[in-house]
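Everything quoted here is computed from the prediction, not taken from an experiment. In this chain, numbering begins with 1 at the start of the sequence shown.
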Amino acid sequence: MVQDAKRSIAYLCPHCRQSIVVERDLFSLAASPTKIKCPCGHSALEIEFLPQRVQLRVPCLFCGREHQVSCSSHAFIKEKAMAFSCAISGLDCCYVGEQAPVYAATARLEQTADKLFREEEEEEQSPFLDEIVMHEVLSELRDIAQRDGISCSCGSHQWDFQVNYSSIDLKCRDCGAQMRIPAATADDIDSICSKMTLVIRGRGERP
């Protein structure tokens, strides 16, 4: 090892999601086990030089677990950039190498992580203003429909429905008349529960 040899090491903290990129002297890394801690204090990457190998314990943002990975000492010292991956997600969890390629790889990983977690957050958002209210209103509508209690003022009993964020629209298949059933509050549940039948009114008709 040359006197000024250094390695850049990077990972993403699973607790605060920030990237940690540090540069360490190879002699200090080889001298004793090293911990690279996140400033948040909730995670740390560990590096230990063993005979012929270097072992790393890497906290993983993507699966929440800690990965134990290793490589040859020669690769750790000489490679321009090495990536260690999460076996569960298939995404990288740690980089070791020269400063420029490690920073570039970390920037790409940050973008991937941002997109992944943004998509997950969007999927977790409820499709309804209140899922319980929507479930109850749909249940009552099903009961009314089962006793053929939904009709149109044109005389048709053929209808379709569309579920919205906070309401349900009924539409007559024959004349196209529509009726909106609110499904946002407990009062909307009480309102639909009080009805034995529903009549979709044509345009211009009073309810």
K.L.:
Ignoring hydrogens, what is the shortest heavy-atom contact between D174 and S156? Give both atom names and the distance.
P.N.:
OD2-OG, 2.5 Å

K.L.:
Show your reasoning for whether side-chain contact (heavy atoms from CB on, under 4.5 Å) applies to F128 and V133.
P.N.:
CA-CA 9 Å; F128 309 121; V133 170; over 6 Å; no

K.L.:
Between NZ of K6 and CZ of F27, what distance do you get to the nearest 0.5 Å?
P.N.:
11.0 Å

K.L.:
Given C175 and C152, is the side-chain contact (heavy atoms from CB on, under 4.5 Å) satisfied, shown in steps?
P.N.:
CA-CA 9 Å; C175 74; C152 180; 3.5 Å; yes

K.L.:
Decide yes or no for L198 and I192: does some side-chain heavy atom of the first lie under 4.5 Å from some side-chain heavy atom of the second?
P.N.:
yes

K.L.:
A side-chain contact here means heavy atoms from C-beta on lying under 4.5 Å apart; do L116 and F62 qualify?
P.N.:
yes

K.L.:
Test C86 against C63 for side-chain contact (heavy atoms from CB on, under 4.5 Å), laying out the working first.
P.N.:
CA-CA 8 Å; C86 167; C63 71; 3.8 Å; yes

K.L.:
Taking all heavy atoms of C71 and all of M82, pick out the closest pair and write down the distance.
P.N.:
SG-CE, 3.6 Å

K.L.:
Apart from Y165 itself, what residues make up its hydrophobic cluster when side-chain heavy atoms of I, L, V, M, F, W and Y under 4.5 Å apart count as a link, directly or indirectly?
P.N.:
L129

K.L.:
For H157, does the NE2 atom sit with more than 12 other heavy atoms under 6.0 Å from it, leaving out its own atoms?
P.N.:
yes

K.L.:
Count the heavy atoms belonging to other residues, nucleotides or ligands that lie under 6.0 Å from CD of Q52, then report whether that count exceeds 12.
P.N.:
no

K.L.:
For residues 104-116, which residue pairs pass the side-chain hydrogen bond (donor to acceptor under 3.5 Å, both in side chains) check, not counting sequence neighbours?
P.N.:
S19-E110

K.L.:
Sequence neighbours excluded, which residues qualify as salt bridge (Lys or Arg N to Asp or Glu O under 4.0 Å) partners of D160?
P.N.:
R173

K.L.:
With side chains defined as the heavy atoms from C-beta onward, is the minimum distance between R7 and R24 less than 4.5 Å?
P.N.:
no

K.L.:
So, do C94 and L45 sit near enough that their side-chain heavy atoms are less than 4.5 Å apart?
P.N.:
yes

K.L.:
So how far is it from E48 CD to Q68 CD, rounded to the nearest 0.5 Å?
P.N.:
9.5 Å

K.L.:
Return the set of residues passing side-chain hydrogen bond (donor to acceptor under 3.5 Å, both in side chains) with R65 (not counting sequence neighbours), or none when no residue passes.
P.N.:
none

K.L.:
With sequence neighbours excluded, tell me which residues meet side-chain contact (heavy atoms from CB on, under 4.5 Å) with T185.
P.N.:
D187, D188

K.L.:
Among residues at least two apart in sequence or on other chains, which ones pass side-chain hydrogen bond (donor to acceptor under 3.5 Å, both in side chains) with Q162?
P.N.:
N164

K.L.:
Please list, one pair per line, the donor and acceptor atoms closer than 3.5 Å that link side chains of residues 29-37 to other protein atoms, with sequence neighbours excluded.
P.N.:
unit_1: T34; atom_1: OG1; unit_2: S32; atom_2: O; d: 3.2

K.L.:
Between L141 and F161, does the side-chain contact (heavy atoms from CB on, under 4.5 Å) criterion hold? Intermediate values first, please.
P.N.:
CA-CA 10 Å; L141 278 177; F161 73 98; over 6 Å; no

K.L.:
Going by atom types only, do R201 and S153 share a side-chain donor-acceptor pair under 3.5 Å?
P.N.:
no

K.L.:
For a quick test of reading the model, state the closest non-hydrogen atom pair linking A10 to V21 and the distance between them.
P.N.:
CB-CG2, 3.7 Å

K.L.:
For residues V96 and I47, determine if any side-chain heavy atom of one lies less than 4.5 Å from a side-chain heavy atom of the other.
P.N.:
no

K.L.:
If you define the side chain from C-beta out and look only at heavy atoms, does anything of C60 sit under 4.5 Å from C93?
P.N.:
yes

K.L.:
Measuring from atom CE of M179 to atom CD1 of I150, what distance do you get when rounded to the nearest 0.5 angstrom?
P.N.:
9.0 Å

K.L.:
My understanding is that only residues two or more places apart in sequence, or in another chain, count here; which of them pass side-chain contact (heavy atoms from CB on, under 4.5 Å) with S191?
P.N.:
K195

K.L.:
For S43, enumerate each residue passing the side-chain contact (heavy atoms from CB on, under 4.5 Å) test, keeping only those at least two apart in sequence or located in another chain.
P.N.:
Y11, C13, P14, H15, C38, P59

K.L.:
Closest approach of A184 and D130, non-hydrogen atoms and distance?
P.N.:
O-CB, 3.9 Å

K.L.:
For A83, which residues count as a side-chain contact (heavy atoms from CB on, under 4.5 Å) partner, sequence neighbours excluded?
P.N.:
D92, Y95

K.L.:
From I189 CD1 over to S194 OG, what is the distance, rounded to the nearest 0.5 angstrom?
P.N.:
12.0 Å

K.L.:
Is there a side-chain contact between V54 and S72 in this structure, where contact means two heavy atoms from C-beta onward sitting under 4.5 Å apart?
P.N.:
no

K.L.:
Could you tell me if the side chain of R17 sits less than 4.5 Å from the side chain of F117, heavy atoms only?
P.N.:
yes

K.L.:
Same cluster for I181 and V199 if Ile/Leu/Val/Met/Phe/Trp/Tyr side chains link at under 4.5 Å?
P.N.:
no

K.L.:
In the hydrophobic clustering that connects Ile, Leu, Val, Met, Phe, Trp and Tyr at side-chain heavy-atom distances below 4.5 Å, which members other than I88 occupy its cluster, ordered by chain and number?
P.N.:
none

K.L.:
When rounded to the nearest 0.5 angstrom, what distance separates CZ in R147 from CZ in R142?
P.N.:
11.5 Å

K.L.:
Within this structure, what is the CG-OG distance for the pair L50 and S73, rounded to the nearest 0.5 Å?
P.N.:
8.0 Å

K.L.:
Mind listing the closest non-hydrogen atom pair of S8 and Q99 along with its distance?
P.N.:
OG-CA, 3.3 Å

K.L.:
Just jot down the salt bridge (Lys or Arg N to Asp or Glu O under 4.0 Å) partners of E66, sequence neighbours excluded, or say none.
P.N.:
R57

